[in-house]
Amino acid sequence: MKILVIGSGGREHALAWKLAQSSHVKKIFTAPGNPGTALLGQNVPLAVDDIAGLAAFAKKEKIDLTVVGPERPLVAGIVDAFQAQGLRIFGPTAAAAQLEGSKAFCKQLLRHHAIPTAEHRTFSRIDDARKYVITREEPLVVKASGEAQGKGVFVCDTQEDALAAIKTIMIDRAFGAAGDQVVIEERLAGEEASILALVDGRNIYPMESAQDHKAILDGDRGPNTGGMGAYSPAPAVTGNLMALIERDILVPTVHALNHERCPYNGLLYAGIMITPGGPKVLEYNVRFGDPETQPLVMRLKTDLVEVFEATIDGKLDELELEWDKRPAVGVVISAGGYPGEYEKGKPISGLAAVARLPDVQVFHAGTAQKGDQVVTSGGRVLCVTAIGDTIPEAKTRAYEAAELIRFEGMHYRTDISDKALRHIRA
Ligand code: AMP
Ligand code: GLY
C-alpha cells in the first residue's frame, strides 16, 4: 500500500514511524513532513490545508490510505473532499469535526445530551459576556469558541482576569474570527487525562490512557503550550474510571453525534478532568493528541494500517488492539522563548547518538534539514520518547537521551510523568 500522512509534527512522525513497520506498507509520503519523516519515505511539499493539492497528489500517486494529523484540514472538510473523489482517508467529516472546530457546538451537544462537562454559557456580544462575568463569584475559564490552536483558553483566578480574557478574545481579536463567540465555563479542579478512542460510527474502542503536560515549566507553572510531554498509561485512569468514561462520556457522545446526523469516524480524543464528582469533558479533539501519540505508538503492537482500515470500514468490533505492557514517556524539547517568540535555525547535535539507544525514539516536530545539518524550525522541536519496565525507568531513559541532544536555547521540563508516581505509590 501507499500511504499519505498529512502534517509535520511529532505526532505525524510517530504515526508515520508506526505505519512504516506495517507489512502492508510499500511507501509512505508525508505532506509536508519533517526531517524525521524524510527518513521513512518521501516528504511532499504541500501544506496541510491545501486540500485540492493533497487530493490531486493522492489521485496521481494512487495513494491507498490518507491519514490526517492536525485538526485544521479536518475542520475544513478534507475528509468530505477526499471521499467525494473516491479517495480513502482516515478522519471525521467537517460536520463531525465541529466537535473541535466550535467549542460552542461541542458544549451545546454535551449539554443537550447530559454528558458531564463544566457548566457554561456562550456569548456573541461582548457586553453580555462582561455582565455575566460580573455576576459570577466562582473561578471561570474563558475560551475563544473557534479553533485557536490550543491558545484561546484562559484559566482565570479572578473576575479581572476573566474580563481581560474577554477583551483579548473579542476586542483585541487575538485569535481572529475564532473569537466571534466566547464560551465561559466554571473552572473544574482535578487531574487531567487524555483518552484517545477509535470510533467507526457505531463501535468505540478506547486506546490506553495517556497524560499530557500542557504548561511550559515544571510543576505545571507558566503559560500553556501545545504539550511539553506525555506518558502512557496514566495510572490516574483506573479500570473503573475508564469504564465510567466510556459509559457516561464516549458512548453518549457518539450517540449524540449520530442523533445530530454527523456520525463520527476517526480518532476521537477526549480531554478529561477527573473531578471529585467524576470524570468530565474539558474538550474534544477530532484527531490524535500531540505529544500523547508519541508514547502511545511506542506501546502499540497492532499493525496501525489494520487499525485505520477497521475504523474506516466500521469493523472495530473485529479489531483487537495489543499493547506493550511497559509504559512509555515522551519529553518535548522546545526552543528558548516558546510558547512566546523564539528563534529558528539553531543546529541540533546528538541525534545520531540517541538513534543508537535501544527503546528510545526521537520524533521530530519543529526541525528542518539544512544541507547535512538538522536545525530548529519551530517551537516544539523534538519529542524524545522511551519505553521502560516502569514509569520511572522510562522517564530515566527518556531524560538520558534528552541530555545527549544539544541546541542553543533548548528547554525541556524535568518532571514529565512525576504525577503518575503518586498514584503508583498510593
Ligand atoms: P481546552 O483546549 O478547552 O482543553 O483547554 C486547554 C486547557 O485549559 C485544558 O487542558 C485545561 O488544562 C484547561 N481548562 C480548560 N477548561 C477548563 C475548565 N473548565 N476548568 C479547568 N481547566 C480548564
Ligand atoms: N496534547 C494536546 C493536544 O493534542 O491537543
Side-chain angles (χ1 to χ4, degrees), residues 7 9-12 14-15 68-72 74-75 99-107 110-111 116-122 136 138-157 161-162 165 169 175 178 182-196 207 209-216 220-232 234 267-277 279-296 330-332 334 339 363 365 379-380 383 385 413 416 419:
R11 162 185 53 206
E12 289 79 14
L15 291 171
V68 187
E71 62 277 14
R72 206 149 29 105
L74 294 167
V75 172
L99 209 51
E100 179 167 1
S102 164
K103 289 192 190 289
F105 171 87
C106 176
K107 293 297 284 189
L110 294 173
R111 190 156 68 105
T117 187
E119 288 301 320
H120 84 286
R121 298 278 295 272
T122 302
R136 311 308 299 181
E138 72 277 16
L140 296 170
V141 180
V142 179
K143 304 181 176 183
S145 175
E147 203 273 303
Q149 314 219 314
K151 291 179 189 146
V153 174
F154 297 84
V155 179
C156 305
D157 289 321
D161 292 350
I169 295 170
F175 314 103
V182 283
V183 173
I184 304 184
E185 298 183 3
E186 74 174 305
R187 180 171 159 184
L188 300 174
E191 193 169 335
E192 286 181 49
S194 305
I195 304 301
L196 280 65
M207 298 194 158
S209 60
Q211 195 171 58
D212 188 10
H213 297 66
K214 289 214 164 73
I216 184 77
D220 291 338
R221 289 175 302 112
N224 270 358
T225 68
M228 291 301 293
Y231 62 98
S232 168
L267 190 287
L268 182 61
Y269 162 151
I272 300 285
M273 186 72 94
I274 307 166
T275 78
K280 295 189 177 177
V281 179
L282 283 171
E283 64 164 345
Y284 271 119
N285 295 317
V286 296
R287 40 136 186 111
F288 282 89
D290 190 340
E292 292 92 327
T293 303
Q294 290 84 317
L296 277 169
V331 176
V332 169
S334 61
F363 296 113
R380 291 193 293 170
C383 182
T385 312
R413 280 178 62 155
I416 301 303
K419 262 186 224 165

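Model, not experiment: these values are computed from the prediction. FYI, the numbering just counts along the sequence from 1. Atoms within a ligand are numbered from 1 in the order they appear, just like the ligands themselves.
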J.: Can a salt bridge be assigned to the pair K143 and E185 using a cut-off of 4.0 Å between side-chain N and carboxylate O?
T.: yes

J.: With a cut-off of 4.0 Å, which atoms of ligand 1 are near a heavy atom of V155?
T.: 8 (O), 13 (C)

J.: Can you name the atoms of ligand 2, numbered from 1 with element, that are less than 4.0 Å from a heavy atom of G226?
T.: 1 (N), 2 (C)

J.: Please report which non-hydrogen protein atom sits nearest to atom 3 (C) of ligand 2, along with the residue it belongs to and the distance in Å to one decimal place.
T.: R287 NH1, 3.6 Å

J.: Looking only at distances, please establish whether an N/O atom of ligand 2 is found under 3.5 Å from an N/O atom of D290.
T.: yes

J.: What residues form a side chain to side chain contact (heavy atoms under 4.5 Å, CB included) with A189, not counting sequence neighbours?
T.: none

J.: What are the atoms of ligand 2, with element, lying closer than 4.0 Å to any heavy atom of G289?
T.: 4 (O)

J.: Report yes or no: does a heavy atom of H120 sit under 4.0 Å from some atom of ligand 1?
T.: no

J.: Does only the side chain of V141 get under 4.0 Å from ligand 1, or the backbone, or both, or neither? Count heavy atoms.
T.: side chain

J.: Using the test side chain to side chain donor-acceptor pair (under 3.5 Å), find all partners of D220 that sit at least two apart in sequence or belong to another chain.
T.: R413, K419

J.: Regarding atom 10 (O) of ligand 1: of the candidates E119, E185, E192, E147, which has the closest heavy atom?
T.: E192

J.: Could you say whether the N/O atoms of R11 and ligand 2 ever approach to under 3.5 Å?
T.: no

J.: Taking only Lys NZ, Arg NE, NH1 and NH2, and the carboxylate oxygens of Asp or Glu, determine whether K103 and E147 approach each other closer than 4.0 Å.
T.: no

J.: Within a distance under 4.0 Å of any heavy atom of A118, pick out the atoms of ligand 1 and give their elements.
T.: 19 (N)

J.: Please could you name the atoms of ligand 2 that D212 approaches to less than 4.0 Å, counting only its heavy atoms?
T.: 1 (N), 2 (C)

J.: With a cut-off of 4.0 Å, which atoms of ligand 1 are near a heavy atom of L188?
T.: 18 (C), 19 (N), 20 (N), 21 (C)

J.: Taking 4.0 angstrom as the limit and counting only heavy atoms of N285, give me the atoms of ligand 2 inside it, by number and element.
T.: 5 (O)

J.: Which ligand 1 atoms does K143 reach within 4.0 Å, using its non-hydrogen atoms?
T.: 3 (O), 15 (C), 16 (N)

J.: Considering the heavy atoms of K214, write down every atom of ligand 1 situated less than 4.0 Å from one of them.
T.: 10 (O)

J.: Mind checking whether E186 contacts ligand 1 via backbone (N, CA, C, O), side chain (CB onward), both or neither, at a 4.0 Å heavy-atom cut-off?
T.: backbone

